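Inspection log for the structure reproduced underneath, given as structure tokens.
Computed from a prediction, not measured in an experiment: that's the story for all the values here. As the structure lists them, so they are numbered: ligands from 1, and atoms in each ligand from 1.
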Amino acid sequence: MLFKVEMTVNPPSHLSEEEFNAIKIKEKNYAEELQREGIWVHLWRVAGLYANVSIFEVRDNQHLHDVLMALPLYPYMNVSVTPLCQHPSSIK
Ligand SMILES: O=C(O)CC1=CCC(=O)O1
């Protein structure tokens, strides 16, 4: 199942820069692992914003939920999920 996931990061004011940077390193490692596994299929920065647009390929809704809940930055993000299906004019 394919999903578009939009994430906007809201850096918390109660963490030091060092503490927040440590979470960002964990997020990067987790994102790279999911990309290697073929789960995080696309990861794009939204120009001008601390936000991304991503495509996830997962087994089912529960799998997507588990993947997103495990994001180290999850407590500091607004996340929006949109289910995708085949477009009738797509040649893929
Ligand atoms: O910077 C972001 O958009 C949040 C994020 C997702 C994966 C990652 O490494 O950072």
Side-chain angles (χ1 to χ4, degrees):
M1 297 174 75
L2 285 170
F3 291 89
K4 178 182 77 168
V5 180
E6 297 176 82
M7 307 178 201
T8 300
V9 183
N10 308 301
S13 55
H14 67 281
L15 295 182
S16 68
E17 193 177 333
E18 292 74 25
E19 289 170 322
F20 192 56
N21 283 340
I23 297 171
K24 286 199 288 184
I25 289 168
K26 287 183 187 166
E27 178 85 9
K28 180 176 169 59
N29 291 337
Y30 181 56
E32 289 178 354
E33 180 187 326
L34 290 171
Q35 286 171 80
R36 281 191 290 270
E37 291 173 356
I39 293 170
W40 201 323
V41 182
H42 286 279
L43 171 56
W44 294 96
R45 173 65 76 220
V46 180
L49 296 177
Y50 193 176
N52 72 71
V53 173
S54 294
I55 303 294
F56 284 80
E57 182 160 16
V58 291
R59 291 187 300 276
D60 51 27
N61 291 1
Q62 186 64 54
H63 187 200
L64 180 69
H65 180 77
D66 294 344
V67 163
L68 295 180
M69 289 297 117
L71 291 169
L73 279 176
Y74 184 81
Y76 314 110
M77 294 196 293
N78 292 338
V79 178
S80 158
V81 173
T82 307
L84 302 175
C85 57
Q86 187 75 20
H87 191 288
S89 303
S90 172
I91 61 169
K92 290 184 186 167

- Query: Less than 4.5 Å apart, any side-chain heavy atom of L71 and any of Y30?
  - Reply: yes

- Would you find a donor on one side and an acceptor on the other, under 3.5 Å apart, between the side chain of Q35 and the backbone of A31? yes

- Query: To which protein heavy atom is atom 2 (C) of ligand 1 closest, and what is the distance rounded to 0.1 Å?
  - Reply: R45 NH1, 3.4 Å

- Among protein heavy atoms, which lies nearest atom 7 (C) of ligand 1, and at what distance? W40 CH2, 3.5 Å

- Query: Hey, is Y30 one of the residues with a heavy atom under 4.0 angstrom from ligand 1?
  - Reply: no

Can you give the donor-acceptor pairs under 3.5 Å from side chains of residues 59-67 to other protein atoms, not counting sequence neighbours?
| unit_1 | atom_1 | unit_2 | atom_2 | d |
| --- | --- | --- | --- | --- |
| D60 | OD1 | Q62 | N | 3.3 |
| D60 | OD1 | H63 | N | 2.8 |
| Q62 | NE2 | D66 | OD1 | 3.0 |
| H63 | ND1 | R59 | N | 3.0 |

- I would like to know whether K4 and V53 meet side-chain contact (heavy atoms from CB on, under 4.5 Å); could you show each step before the answer? CA-CA 7 Å; K4 178 182 77 168; V53 173; 4.1 Å; yes

- Message: Donor-acceptor check, side chain of E19 to backbone of S16, threshold 3.5 angstrom: yes or no?
- Response: yes

- Task: Note the single closest protein heavy atom to atom 6 (C) of ligand 1, along with its residue, its atom name and the distance in Å.
- Result: E27 OE2, 3.5 Å

- K28 near ligand 1 by a heavy-atom separation under 4.0 Å: yes

- Task: Examine distances only and state if a side-chain atom of W44 and a backbone atom of V46 form a donor-acceptor pair shorter than 3.5 Å.
- Result: no

- Message: Would E32 count as a contact residue for ligand 1, given that I'm defining contact as a non-hydrogen atom of the residue lying under 4.0 Å from a ligand atom?
- Response: no

- Hey, is V9 touching ligand 1 through its side chain, its backbone, both or neither, going by heavy atoms under 4.0 Å? side chain

